[in-house]
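In what follows, a structure is listed as structure tokens, so that the remarks can point back to it.
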Amino acid sequence: MIRDPETLTLLLDTIGRFVREKLVPQEANVGETDQIPEDIVRDMKALGLFGMSIPEAYGGMGLTMEEEVLAGFEISHTSPAFRSLFATNNGIGAQGIVIDGTEAQKQHYLPKIATGEIIGSFALTEPDSGSDAASLRTSAVKDGDSYVINGTKRYITNAPEAGIFTVMARTSAQIKGADGISAFIVEKGTPGLSLGAIDKKMGQKGAHTCDVIFEDVRIPAANLIGGVEGVGFKTAMKVLDKGRLNIAAASVGAAERMLADALRYARERKQFGKAIGEFQLIQAMLADSHTEIYAARCMVLDAARKRDEGRNVGTEAACAKLFASEMCGRVADRAVQIFGGAGYLAEYGIERFYRDVRLFRIYEGTSQIQQLVIARNLLRDRAA
Ligand SMILES: Cc1cc2nc3c(=O)[nH]c(=O)nc-3n(C[C@H](O)[C@H](O)[C@H](O)COP(=O)(O)OP(=O)(O)OC[C@H]3O[C@@H](n4cnc5c(N)ncnc54)[C@H](O)[C@@H]3O)c2cc1C
């Protein structure tokens, strides 16, 4: 749903200009230094990018899902690491509070998340619990007016920068699986909370992950999201449904950028006395990429509109994430191929994109997990 086309066009134009003028020129630098420059972070805050999906009542832009994915396409025309810094505030690092938080939790945290004053992180994955997230072992034991948390979370995006963590932990040792899990807000600096070394990753330099370690971390009982035990896994899955649409939108945007770069190169590079774009085998790669991007864009927008109508889009979000992230991988591979030897060299930047977008097929549920979700929902919903 688009509330006001004029306002949205203005926002998309502003983001587009910011991407072209400020972010694209910094891509190589961020890729080399693994740091996003401070002035860029300041600009992101000034543009309101940290609060796009936070409701207006709490200081954000309150974008609808359709508006948010349209913004996501634009933002993703540059290195995914830029988006990653504010994406957790709009997505997995804040949506637990937005969707299921108490009014007091919303009032306390959301305004600071919306401005980027604090970065939110989402801590579900553990060393022994990834795709099988319901088997997580981190525990939260009630003790008077507090919970005491113990455990380790792994690969947590923006953990080194985070001011708060949405932490999924087991409040009942007796109840195995999802129903024994609750969601908590844990603030940085709470005694017993520590971070591992920053992970060395294949790509997305400038976006940081690390372990988050809880050793007798005592938090107020009021930080139980929604004030209800045993529904934390459901909260996490609702957050991920939305997150999957955002990753799908990021996949579309990144693929659009890589296709644009490949088109430019195909026009400029000459072999056998002609621009390589005149060879039909190159044209096939360009055409297949454009077709698949178009299909993914349509899927993402359709799922986003359905979500705005209040429909359950668990299946559509999984379909969009599966197709768009796999599509993005194929487009990245073709783009490198079109660049030939230059595609393999750091100087041209396309190999950086190739590495960066590999993650889209892995986090917020691997492609195999999306397939399982889609098939499970089909078998459930279309029972004879
Ligand atoms: C850079 C990065 C950032 C991340 N950020 C976050 C974050 O902010 N918060 C967070 O909580 N997590 C985060 N993650 C974790 C991410 O969501 C997990 O890595 C992902 O869900 C996969 O879990 P795993 O790594 O344990 O792989 P595993 O679950 O061990 O899977 C290994 C392989 O087995 C396959 N597999 C597993 N189960 C099945 C099955 N039943 N059927 C078929 N195939 C199966 C998988 O698809 C995969 O191919 C991040 C990961 C990375 C790399």
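In listed order, ligands and their atoms are each counted from 1.
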**Asked** Is the backbone N or O of T102 less than 3.5 Å from a side-chain atom of Q105, with the two atoms forming a donor-acceptor pair by type?
**Response** yes
**Prompt:** Counting distance only, does the side-chain N/O of K201 pair as donor-acceptor with the main-chain N or O of Q204 below 3.5 Å?
**Reply:** yes
**Asked** With a 4.0 Å cut-off, would you call K242 and E364 a salt bridge?
**Response** no
**Request:** Tell me whether I350 is reachable from M285 by hopping between hydrophobic residues (I, L, V, M, F, W, Y) whose side-chain heavy atoms are closer than 4.5 Å.
**Result:** yes
Which N/O atoms of ligand 1 sit under 3.5 Å from a protein N/O, and at what distances?
unit_1: ligand 1; atom_1: 5 (N); unit_2: Y155; atom_2: O; d: 2.8
unit_1: ligand 1; atom_1: 5 (N); unit_2: T157; atom_2: OG1; d: 2.7
unit_1: ligand 1; atom_1: 8 (O); unit_2: T157; atom_2: N; d: 2.9
unit_1: ligand 1; atom_1: 8 (O); unit_2: T157; atom_2: OG1; d: 3.3
unit_1: ligand 1; atom_1: 9 (N); unit_2: F122; atom_2: O; d: 2.7
unit_1: ligand 1; atom_1: 11 (O); unit_2: L124; atom_2: N; d: 2.9
unit_1: ligand 1; atom_1: 11 (O); unit_2: T125; atom_2: N; d: 2.9
unit_1: ligand 1; atom_1: 11 (O); unit_2: T125; atom_2: OG1; d: 3.2
unit_1: ligand 1; atom_1: 12 (N); unit_2: T125; atom_2: OG1; d: 2.7
unit_1: ligand 1; atom_1: 29 (O); unit_2: S131; atom_2: N; d: 2.9
unit_1: ligand 1; atom_1: 29 (O); unit_2: S131; atom_2: OG; d: 2.6
unit_1: ligand 1; atom_1: 47 (O); unit_2: T366; atom_2: OG1; d: 2.7
unit_1: ligand 1; atom_1: 47 (O); unit_2: Q368; atom_2: OE1; d: 2.7
unit_1: ligand 1; atom_1: 49 (O); unit_2: Q368; atom_2: OE1; d: 3.4

**Request:** Assess whether salt bridge (charged side-chain N to carboxylate O under 4.0 Å, His left out) is satisfied between R334 and E292, documenting all intermediate values.
**Result:** CA-CA 12 Å; R334 290 183 199 120; E292 291 190 58; 2.6 Å; yes
**Request:** Return each pair, listed once, that meets salt bridge (Lys or Arg N to Asp or Glu O under 4.0 Å) where at least one residue sits in residues 118-133; pairs must be two or more places apart or across chains.
**Result:** E126-K153, D128-R137
